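Reading through the structure tokens given below for one structure.
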Amino acid sequence: MADDRVGRARPEPATRPEAAARAATSGDAAYGSAGEGPVRAADGVSGEGVPGRGTEAGPGLEEAGLRLDVEGPVATLTLNRPERRNAMTFAMWHAMAAVGRSLPEDVRVVVVRGAGPSFSAGIDLGMFAPGGEGERRFSGGADPAEADRFIAGLQEGFTWLRRPGVVSVAAVHGHAIGAGFQLALSCDIRVIADDTSFCMKEPALGLVPDLTGTKPLVEIVGVPRALELCLTARTVGAEEAARLGLAEIVTPRDGLDAAVRGLVDSLLAVNAGAAAATKRLLWQAPERTLEEQAAAERHEQIGRLRELFASRP
């Protein structure tokens, strides 16, 4: 199904359960097996102030399994652990948050994609092996307040993709499981290949989806369908994803890059201020009454008109 556009609104773990711990002992990624060989990540990144190599504060992008390429108004963030099907780690999520904090101000579109055969196989369960970082942070003796702060820091790697100043696009192919599915849900628009498989795996592992994916999932498909998807942990293919509103564009696998480029070009053709104001209105609309939304529209439009008139010679 090529370029099938569906117009829909947009809308991890806190403990180490035994099921996850047992799965982690092999050191395999959460839900995927070994894939292609590794692709060399960039030593640094384009864009002043964005983290490249590691520092005392934490790992850089390469060490965290990420690559960032910035070309003018477009930033491409690539999950770059193809040998692990882009299984995600605490370090990766912290690095994603650092990218969001340091992104150049002139970036208008962020494309998120995965290297190799999958978008992301989900959380790397190696972190939950006995004695691993997950056990140290979330075992019975851990400080609950510190655990809460730690997970909030991980969530920051996802929430910045929703801010009004950028439009985020998930370019998804292959598996997008658990945290990978939540990352796709964190983006404003999802362009998916016809080989995409979404799955919210966390409940099957004794966990909950805690990387901000539950809100957009419910906003898109509703509570009953979200419950069914999460509690059965079943796979959703590309055709069903489009039907449910989980994808805006579905394209053959070999057409994914072209579909993303076409979308990005269309997004950049719109006035930057108007794009940011419109995204702000649309994201906040579900939480407002009609009267509140009408007032917000007036406020945004007055700002736009003032700027347009001020720019006249």
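Nothing here was measured: the structure is a model prediction, and the numbers come from that model.
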- Item | Among Val74, Val109, Thr76, the one residue meeting side-chain contact (heavy atoms from CB on, under 4.5 Å) with Val169 | Val109

- Item | Under 4.5 Å side-chain linkage, directly or through intermediates, the cluster mates of Phe309 |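 Grouped by the 4.5 Å side-chain rule, Leu305 form the rest of the cluster around Phe309.
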
Is a donor on one side and an acceptor on the other found under 3.5 Å between the side chain of [X] and the backbone of [Y]?
X	Y	result
Arg253	Ala193	no
Arg190	Val250	no
His173	Gly116	yes
Thr78	Asn80	no
Arg85	Ala121	no
Thr196	Val172	yes
Trp160	Val99	no
Asn86	Ala115	yes
Glu202	Ala179	yes
Lys279	Val166	yes

[atom1] of [X] to [atom2] of [Y]: how many Å apart, nearest 0.5 Å?
X	Y	atom1	atom2	value
Arg67	Arg113	CZ	CZ	9.0 Å
Ser118	Leu79	OG	CG	10.5 Å
Met92	Ser120	CE	OG	7.0 Å
Leu246	Leu185	CG	CG	6.5 Å
Glu156	Arg101	CD	CZ	4.5 Å
Ile177	Leu183	CD1	CG	13.5 Å

For a 4.5 angstrom cut-off between non-hydrogen side-chain atoms, does [X] reach [Y]?
X	Y	value
Val110	Val167	no
Ser168	Arg162	no
Leu217	Cys230	yes

- Message: Among residues at least two apart in sequence or on other chains, which ones pass side chain to side chain contact (heavy atoms under 4.5 Å, CB included) with Glu291?
- Response: Thr289

- Query: Any luck finding a side-chain donor-acceptor pair between Thr89 and Arg81 under 3.5 Å?
  - Reply: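 Absent: no donor and acceptor within the cut-off.
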
- Query: What residue pairs, at least two apart or across chains, pass ring-ring contact (aromatic ring centres under 6.0 Å, His included) with a residue in residues 188-237?
  - Reply: Phe181-Phe198

- Item | Pairs flagged by ring-ring contact (aromatic ring centres under 6.0 Å, His included) wherever residues 94-124 is involved - sequence neighbours left out | His94-Phe150

List the atom pairs, with distances to 0.1 Å, where a side-chain N or O of residues 266-277 and a protein N or O form a donor-acceptor pair under 3.5 Å, not counting sequence neighbours.
| from | atom 1 | to | atom 2 | distance (Å) |
| --- | --- | --- | --- | --- |
| Ser266 | OG | Gly262 | O | 3.1 |
| Asn271 | OD1 | Gly273 | N | 2.9 |
| Asn271 | OD1 | Ala274 | N | 2.8 |
| Asn271 | OD1 | Arg304 | NH2 | 2.8 |

- Query: Excluding sequence neighbours, so at least two apart, what forms salt bridge (charged side-chain N to carboxylate O under 4.0 Å, His left out) with Arg280?
  - Reply: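 Scan of Arg280 (salt bridge (charged side-chain N to carboxylate O under 4.0 Å, His left out), adjacent residues dropped) gives Glu300.
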
